Enquirer: 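The structure's right below; bear with me while I get my questions together.
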Amino acid sequence: MRKSISVVLVILGLGSLWAEKPRRYVEAGFTLGAGFGNNYLQYGDFFNDEHIIRINLNAMGLYDFNFVSDMAAQTFFTVRGERFSIGVFAGLEGMFYGNISKQLFQLLSHGNTSRYSKAEFAFGGSLFADTGVNLETQLGKLRLRISPAVFLPLVYIPKPKKMALTVKTAEDTMSITGSVALDIYSPVMLGSGTGDEGNFSIDTAGLSKVLDSGALGFDLTLGIEYPLASILDAGILVSHIPVALSRLTYQATMKADFGFNDQGLETSLLDLLKEGKVDDILHIEDPEFAFSRGVFYVSRPLRFDLYGRIKFMGNFLVLRPHGGISLFTPYGDIPCFNAGIEGQIHIWRLLQLSLGSGYEELLWKHRFGLMLNLRILQVDLGVSTQSQEFTRSFALSGLGLSLGVHIGF
């Protein structure tokens, strides 16, 4: 046991000496990340001894049901000098969300006691591709970063205007009517025809026309950092400052209506549901697609982030509080206020452990990260739990994973 510990200590010692060499002058790599979260269902509701999905409709009637998923991928190449660095990058970033109002779950759990109920739905999201240049320089004590980038919205789904379900009951009858209308925007043609004749498809041949269509947007990311004291650095990062908006000219509108009326049924609703005869009680029209040309302007989410870096015992322990706001997100006109704090432990340049908690774009996130730097190779790993509700964010109602690899010399 003692020999094993000694070997590990020797390896760590040699590794730290190697890692303490000057930073990589040339570096290439990639980062990947994906996650999801909701505010009701958790791990135990899906994986349990009963092998059933547990849904507590009484609890779900307390507030709206929300779901979100996101992903990001980026590859980069960077060259560094003593006081200046330049790099190029390209990647993808997407986010999709859904919302169902609590009235639907109140109806399922308590019945339609008011004889009239209305539940609303909302879905939205975006998928962006981008490429750009990252420049960093040291001007005295001031560190400056600027990243111009060209971006392309591959898919953009704004918050819909019409998605609702209405329930009406009388003494011996019940009727349900609902409608869905969703707009999808893209830089390429999404289909042809209208109404029942509409066929959804993606015209990949139209990708060659993207450069001439005005679909490429342009934005800037700016960052400034300054040491206010020997133990305190402060900075601001403004991401995706719009310079030229993306102009999307292809639109697909999906519409669907559904309804139910139990008048004239000889069998009870419950018996029909048990027998699986849903078609006898619920009428769902085939979705209709309409494809058109127009103009829809899109920018990436504009994010402001103020942060500090408080250092203890040299650089061994670092606290990083931050706060800011996000605008122009797929959520619509809702501004997202963000705040959090992260603690980092640095063991030379060899190893970094981090633990953070915060509220970011309507999600509570709690993240643990590990960075191993062998100078030629650096690996970053991260895992997080997340949810729209604070208490649920500790109950595995959502999960996020990230991986980063840096290679250089």
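As the structure is a computational prediction, the values presented were derived from the model and not from experiment.
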Enquirer: Checking side-chain contact (heavy atoms from CB on, under 4.5 Å) for the pair Thr31/Thr75: CA distance, chi angles, key distance, verdict?
Expert: CA-CA 7 Å; Thr31 59; Thr75 182; over 6 Å; no
Enquirer: For the residue pair Ser387 and Asn39, what are the closest heavy atoms and their distance?
Expert: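 Closest approach of Ser387 to Asn39, heavy atoms only: OG-CA, 3.6 Å.
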Enquirer: I'd like to know if the side chain of Ser402 reaches the main chain of Leu381, judged simply by a donor and an acceptor atom lying under 3.5 Å from each other, with no hydrogens or angles considered.
Expert: no
Enquirer: Check whether any side-chain heavy atom of Gln388 lies under 4.5 Å from a side-chain heavy atom of Leu363, and answer yes or no.
Expert: yes
Enquirer: Heavy atoms, side chains only, cut-off 4.5 Å: are Phe123 and Asn99 in contact?
Expert: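 Not in contact.
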Enquirer: Atom CD1 of Ile345 and atom CG of Leu351: how far apart are they, to the nearest 0.5 Å?
Expert: 9.5 Å
Enquirer: Flag the pair Tyr185 / Tyr250 as yes when their ring centroid distance falls below 6.0 Å, and as no otherwise.
Expert: no
Enquirer: I would like to know whether Phe36 and Leu399 meet side-chain contact (heavy atoms from CB on, under 4.5 Å); could you show each step before the answer?
Expert: CA-CA 6 Å; Phe36 70 94; Leu399 182 68; 4.0 Å; yes
Enquirer: When you look at Gln251 and Thr253, which way does the side-chain hydrogen bond (donor to acceptor under 3.5 Å, both in side chains) test go after all the steps?
Expert: CA-CA 7 Å; Gln251 176 183 354; Thr253 301; 3.2 Å; yes
Enquirer: Going from CD1 on Ile241 to OG on Ser299, what distance comes out if it is rounded to the nearest 0.5 angstrom?
Expert: 12.0 Å
Enquirer: If the plane angle is over 60° it's perpendicular, under 30° parallel, otherwise tilted; pick one for Trp364 and Phe390.
Expert: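 The rings of Trp364 and Phe390 stand perpendicular, inter-plane angle above 60°.
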Enquirer: Could you give me the CA-CA distance, side-chain angles and deciding distance for His406 and Phe76, then say whether ring-ring contact (aromatic ring centres under 6.0 Å, His included) is met?
Expert: CA-CA 9 Å; His406 304 242; Phe76 58 86; 5.1 Å; yes
Enquirer: For a side-chain hydrogen bond (donor to acceptor under 3.5 Å, both in side chains) check, start with the C-alpha distance between Ser326 and Asn338, then their side-chain angles and the critical distance, and finish with the verdict.
Expert: CA-CA 7 Å; Ser326 299; Asn338 312 314; 3.0 Å; yes
Enquirer: Test side-chain contact (heavy atoms from CB on, under 4.5 Å) on Phe30 and Leu403; report intermediate values, then the result.
Expert: CA-CA 8 Å; Phe30 64 87; Leu403 168 66; 4.2 Å; yes
Enquirer: Could you check whether Asp233 pairs with Lys311 (Lys NZ or Arg NE/NH1/NH2 to Asp/Glu carboxylate O, under 4.0 Å)?
Expert: yes
Enquirer: Does some side-chain heavy atom of Leu319 sit less than 4.5 Å from a side-chain heavy atom of Glu342?
Expert: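 Not touching, per the 4.5 Å side-chain cut-off.
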Enquirer: Closest approach of Thr221 and Ser239, non-hydrogen atoms and distance?
Expert: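 Result for this residue pair: OG1-CA, 3.6 Å.
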Enquirer: Could you go through the side-chain hydrogen bond (donor to acceptor under 3.5 Å, both in side chains) check for Ser384 and His366 one step at a time?
Expert: CA-CA 5 Å; Ser384 64; His366 313 290; over 6 Å; no
Enquirer: State, yes or no, whether a side-chain contact exists between Arg367 and Leu355 at a heavy-atom distance under 4.5 Å.
Expert: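 Not touching, per the 4.5 Å side-chain cut-off.
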Enquirer: Run the ring pair (Phe, Tyr, Trp, His ring centres under 6.0 Å) test against His240 and tell me which residues pass, sequence neighbours left out.
Expert: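 By the ring pair (Phe, Tyr, Trp, His ring centres under 6.0 Å) rule, His240 matches no residue at all.
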Enquirer: Which pair of heavy atoms, one from Ser397 and one from Leu41, lies closest together, and at what distance?
Expert: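 What the structure gives for the nearest pair is OG-O, 3.1 Å.
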Enquirer: After noting the C-alpha distance and the side-chain angles of Tyr331 and Tyr97, does the key distance pass the ring-ring contact (aromatic ring centres under 6.0 Å, His included) rule?
Expert: CA-CA 8 Å; Tyr331 290 116; Tyr97 75 93; 4.8 Å; yes
Enquirer: Quick check: do Ser354 and Gln344 have side-chain heavy atoms less than 4.5 Å from each other?
Expert: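 Yes. Closest side-chain heavy atoms under 4.5 Å.
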Enquirer: Output the distance between atom CZ (Arg392) and atom CG (Asn66), rounded to the nearest 0.5 Å.
Expert: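 Reported value, rounded in 0.5 Å steps: 13.0 Å.
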Enquirer: With no hydrogens and no angle check, is any side-chain donor or acceptor of Asn373 less than 3.5 Å from a backbone partner on Arg349?
Expert: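 Judged by distance alone, yes, a pair lies under 3.5 Å.
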Enquirer: Considering all heavy atoms of both residues, which atom of Leu362 and which atom of Cys336 are nearest to each other, and what is their separation?
Expert: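 So the minimum-distance heavy-atom pair works out to CG-SG, 4.0 Å.
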Enquirer: Tell me, do His346 and Phe316 make a side-chain contact under 4.5 Å, heavy atoms counted?
Expert: no
Enquirer: Please test Val318 against Ile310 for side-chain contact (heavy atoms from CB on, under 4.5 Å), starting from the C-alpha separation and ending with a verdict.
Expert: CA-CA 5 Å; Val318 176; Ile310 307 170; over 6 Å; no
Enquirer: A side-chain contact here means heavy atoms from C-beta on lying under 4.5 Å apart; do Ile157 and Phe96 qualify?
Expert: yes
Enquirer: Tell me the closest heavy-atom pair linking Asn134 and Phe89, and the distance in Å.
Expert: N-CE2, 4.1 Å
Enquirer: The criterion is salt bridge (charged side-chain N to carboxylate O under 4.0 Å, His left out); which residues satisfy it with Glu225, sequence neighbours excluded?
Expert: Arg309
Enquirer: Is the Phe289 ring parallel, tilted or perpendicular to the Phe291 ring (thresholds 30°, 60°)?
Expert: parallel
Enquirer: Which heavy-atom pair separates Pro242 from Leu302 by the least distance, and what is that distance?
Expert: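 So the minimum-distance heavy-atom pair works out to CD-CD1, 4.2 Å.
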Enquirer: Can you tell me how far the OG atom of Ser246 sits from the CZ atom of Phe218, to the nearest 0.5 Å?
Expert: 14.0 Å
Enquirer: If the condition is salt bridge (charged side-chain N to carboxylate O under 4.0 Å, His left out), which residues does Lys159 pass it with, not counting sequence neighbours?
Expert: none
Enquirer: Within the 4.5 Å heavy-atom criterion, are Met71 and Leu127 side-chain neighbours or not?
Expert: yes
Enquirer: Apply salt bridge (charged side-chain N to carboxylate O under 4.0 Å, His left out) to Glu27 and Arg24, showing your working.
Expert: CA-CA 6 Å; Glu27 181 180 71; Arg24 290 178 290 271; 2.7 Å; yes
Enquirer: Any cation-pi pair here, Arg80 with Tyr25, using under 6.0 Å and within 45°?
Expert: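 Ring-cation test returns no.
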Enquirer: Taking the side chain from Asp130 and the backbone from Ala149, do they hold a donor-acceptor pair closer than 3.5 Å?
Expert: no
Enquirer: Find the distance between CD1 (Ile86) and CG (Leu135) and round it off to the nearest 0.5 Å.
Expert: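 Result: 5.0 Å between the selected atoms.
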Enquirer: Once rounded to the nearest 0.5 Å, what's the spacing between atom CG of Asp305 and atom CD1 of Ile236?
Expert: 8.5 Å
Enquirer: Just checking, Arg300 and Phe328: is the charged tip under 6.0 Å from the six-membered ring centre and within 45° of the axis?
Expert: no
